[in-house]
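Here the structure comes first, spelled out in structure tokens, and everything after it is commentary.
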Number of protein chains: 2
Amino acid sequence: MDSAILKKVHIFSGLDEEEMEQLCKICRVKTFNKGDIIFFDTEPYLGFYITITGLVKIYKISKDGREHILHLINPPNTFAEVPLFENLGEIHEESYRYPANAMALEDETRVVLIPARQFTELLESDTKICIKMLSGFARRLRHLNHHIEELTLKDVTKRVAGFILTEYNNNRDPKSEAKQSIKLNISKNDLAAYLGTIIETLSRTFKKLQDEDIIEVEGKKILIKDMKKLKEVSK
Amino acid sequence: MDSAILKKVHIFSGLDEEEMEQLCKICRVKTFNKGDIIFFDTEPYLGFYITITGLVKIYKISKDGREHILHLINPPNTFAEVPLFENLGEIHEESYRYPANAMALEDETRVVLIPARQFTELLESDTKICIKMLSGFARRLRHLNHHIEELTLKDVTKRVAGFILTEYNNNRDPKSEAKQSIKLNISKNDLAAYLGTIIETLSRTFKKLQDEDIIEVEGKKILIKDMKKLKEVSK
DNA sequence: GGAACCCTTTGACTTAAGTCAAAACCTCAG
DNA sequence: CTGAGGTTTTGACTTAAGTCAAAGGGTTCC
């Protein structure tokens, strides 16, 4: 596989040519279509993944069938690395499983599998990767803490407003000119599961924000009509 | 300070005598009483902490004054290490703050401050510490994921039951003989904040579980009367 | 074009959990 | 012992959000 892609992945950005080549040798590329399962939480752990194109959701299903999305992984990013370090002894045991489910949300979602054993060896020989990995984990921890804060201390309206704002800040949309808008790349059902609610409530919340002239929803496009009010309502 | 204490901390367990001594030189011990603030989220980041004795809560306050507890840190464990790796460039800037508040929950809570700059240098020279640190982060990530799952997919009753069970499994109580019981080391108010609810709801939930003969609450002691039902109700 | 399908919205209803306020309980200092 | 403080429980009420069911709307594929 092409090493140029791996270079874009944060944790590998410090590797030299030789290390890169070694890495390329051990990893396998897979392509998925929308709705395909990358792994279930019942499968033995093989290693972690890197997204190259497309979108991946990491999610759990409750006993009564409700789904909650823990992460949405955009390329180029890693997922399922946590088990690598969790119980250093048990990692090669058959009973060691993935901690959640992963599904491709777009067609042509391409991911790279980095097998656990080989990668661990690479890690042990390179502090730089370790520190990059630590920084990746740190960011994810921050994100999860933020997510918990949102879920426990804020109601759905605040969460929706907050989501629109971070989404807007993350991709100061080059496509839609100077317009203050965002484009959802996931279904509303998935968005609801990510925000810890259900689609009906999400729908009503959008309507409420629309009635108050704060946003305007046209399918997957959300126009921010009153940034000040939106910020106010998200707090 | 005494290096024997630091050795018990997981991430330092692999250090040799010399490294240990170096570490001891740079760190500072502080003692707090119940209710004392260790740091606010408004303070500039100095470094991370290790608990030696006592109990520490890491928490956030919402705009309307509600509190949510992100972690309860028992000795010997670290906290506030995440900022170390988050934005490697900005760490020494004055504007770099702690991400949440930390408060001692018991008298004689002793913690060690490990200053950021010196520790980073140590890290760069030692893969073993890095990997230990990674494993610590991994465990915390797992914990947070689990916490999110609980908060979004389960109601308060299930969360309370789940809390009792994990608490019971974590300290198969040597003090109370063969009895199936746990002892809360935090106030019910704090427990409520940790479970993402409020004290009234927690109180009612305890009562409900009591009425169903599943547990018995006597102040800070909780007796498990029907383990099977408790497990059932936690799912 | 239209049938089949999925995704989303809307409405009516239920329920879990939060709010507010008062009472009960606990414990510790004087 | 007593009273002031905090903590916990209880009760009556409100409300946000979930459930269930039906109707719209848009896409795709023969």
Side-chain angles (χ1 to χ4, degrees), chain A residues 33-35 57 61-69 103 105-107 150-163 183-212 215-222 233-234, chain B residues 33-35 57 62-68 103 105-107 150-163 183-212 215-222 233-234:
Chain A
N33 284 320
K34 188 171 175 175
K57 75 171 173 187
I61 308 273
S62 76
K63 244 205 162 177
D64 59 339
R66 237 180 100 193
E67 167 186 319
H68 182 71
I69 297 182
M103 180 193 283
L105 290 186
E106 291 177 6
D107 283 339
E150 294 268 322
L151 290 170
T152 53
L153 299 175
K154 295 185 178 176
D155 59 27
V156 174
T157 307
K158 289 189 173 71
R159 282 182 253 159
V160 170
F163 174 83
K183 176 131 188 331
L184 299 177
N185 49 2
I186 52 174
S187 73
K188 295 205 173 143
N189 224 322
D190 279 339
L191 178 55
Y194 181 68
L195 294 174
T197 183
I198 54 171
I199 191 170
E200 294 96 323
T201 303
L202 180 66
S203 180
R204 285 184 245 269
T205 307
F206 274 144
K207 192 162 177 244
K208 202 184 85 187
L209 290 173
Q210 211 160 201
D211 288 349
E212 292 169 8
I215 60 170
E216 207 172 299
V217 186
E218 304 161 8
K220 292 213 168 302
K221 200 174 154 196
I222 298 172
V233 92
S234 79
Chain B
N33 283 321
K34 189 174 175 173
K57 75 171 172 187
S62 75
K63 245 205 160 174
D64 60 339
R66 238 181 98 192
E67 168 186 317
H68 182 72
M103 180 192 281
L105 289 187
E106 291 176 6
D107 284 339
E150 294 268 322
L151 291 169
T152 53
L153 299 176
K154 295 185 178 175
D155 59 27
V156 174
T157 307
K158 290 188 173 72
R159 281 181 255 160
V160 170
F163 174 84
K183 177 134 188 329
L184 298 178
N185 50 2
I186 53 173
S187 74
K188 296 206 172 144
N189 223 323
D190 278 340
L191 178 56
Y194 179 67
L195 295 175
T197 182
I198 55 171
I199 190 170
E200 293 95 323
T201 302
L202 180 65
S203 181
R204 285 184 245 267
T205 306
F206 274 144
K207 192 160 176 246
K208 203 184 86 187
L209 291 173
Q210 211 161 200
D211 289 348
E212 293 169 8
I215 60 170
E216 207 172 298
V217 185
E218 303 162 7
K220 291 215 170 299
K221 199 175 154 197
I222 298 172
V233 91
S234 79

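Worth knowing before you read on, the calculation uses all heavy atoms, side chains too, and leaves out hydrogens, waters and symmetry mates.
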Between the first and last five pairs of the helix from C:dG1-D:dC30 to C:dC25-D:dG6, the angle of the axes, rounded to 10 degrees:
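End-to-end axis angle: 40°.
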Restricting to nitrogen or oxygen on both sides, can you table the protein-nucleotides 10-13 of chain C pairs closer than 3.5 Å?
residue: C:dG11; atom: N7; partner: A:Arg204; partner atom: NH1; Å: 3.1
residue: C:dG11; atom: O6; partner: A:Arg204; partner atom: NH2; Å: 3.3

With sequence neighbours left out, write down each residue that passes side chain to side chain donor-acceptor pair (under 3.5 Å) with B:Lys154, or none if nothing qualifies.
B:Glu150
Heavy atoms of A:Ser234 and A:Gly162 approach each other most closely as CB-N, 3.8 Å
Indicate the atoms forming the closest heavy-atom contact of B:Gly196 with A:Thr152, along with that distance.
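What the structure gives for the nearest pair is CA-CG2, 4.3 Å.
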Quick one: [X] [atom1] to [N] [atom2], roughly how many Å, whole number?
X        : N      : atom1 : atom2 : result
B:Glu67  : D:dT7  : CD    : P     : 12 Å
B:Leu202 : D:dT8  : CG    : P     : 9 Å
A:Lys158 : D:dA17 : NZ    : C1'   : 14 Å
A:Arg159 : D:dA16 : CZ    : P     : 13 Å
B:Glu150 : C:dA17 : CD    : P     : 13 Å
A:Leu153 : C:dA17 : CG    : C1'   : 15 Å
B:Leu151 : D:dG18 : CG    : P     : 14 Å

Results of side chain to side chain contact (heavy atoms under 4.5 Å, CB included) for A:Leu184 - residues two or more places apart only
A:Phe163, A:Ile182, A:Lys188, A:Leu191, A:Lys220, A:Ile222
Which ones in residues 187-198 of chain B lie close to DNA chain C, meaning a heavy atom under 4.0 Å from one of its atoms?
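The stretch gives B:Gly196, B:Thr197, B:Ile198 as the residues lying under 4.0 Å from the strand, ordered by number.
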Going by salt bridge (charged side-chain N to carboxylate O under 4.0 Å, His left out), name the residues that satisfy it together with B:Asp155, two or more places apart in sequence or in a different chain.
B:Lys158
Set of salt bridge (charged side-chain N to carboxylate O under 4.0 Å, His left out) partners for A:Glu216, sequence neighbours left out:
A:Lys225
Please list every donor-acceptor pair under 3.5 Å in which a side-chain atom of residues 202-211 of chain A meets a protein atom from a residue at least two apart or in another chain.
residue: A:Thr205; atom: OG1; partner: A:Thr201; partner atom: O; Å: 2.7
residue: A:Lys208; atom: NZ; partner: A:Thr157; partner atom: OG1; Å: 2.9
residue: A:Gln210; atom: OE1; partner: A:Val217; partner atom: N; Å: 2.8

Is the side chain of B:His68 donor-acceptor paired with the backbone N or O of B:Ala193 at a distance under 3.5 Å, no angle test?
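Pair found, side chain donor or acceptor close to backbone of B:Ala193.
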Would you list the pairs meeting side chain to side chain donor-acceptor pair (under 3.5 Å) in which at least one residue belongs to residues 189-198 of chain B, sequence neighbours left out?
B:Lys57-B:Asp190, B:His143-B:Tyr194
Hey, what do you get for CG (A:Asp107) to CG (A:Asn33), rounding to the nearest 0.5 Å?
4.5 Å
Measure the CD1-CD distance between A:Ile61 and A:Glu67 for me, rounded to the nearest 0.5 Å.
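CD of A:Glu67 is found 5.0 Å from CD1 of A:Ile61.
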Check nucleotides 23-26 of chain C against the protein and report each pair of N or O atoms closer than 3.5 Å, with its distance, or say if there are none.
none

Classify B:Lys208 by what it touches in the nucleic acid, base, sugar-phosphate, or nothing, heavy-atom distance under 4.0 Å.
nothing
Give B:Lys220 one of three labels, base, sugar-phosphate or nothing, depending on what nucleic acid heavy atoms sit under 4.0 Å from its own.
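Sugar-phosphate: the residue B:Lys220, judged by heavy atoms under 4.0 Å, touches backbone atoms but no base.
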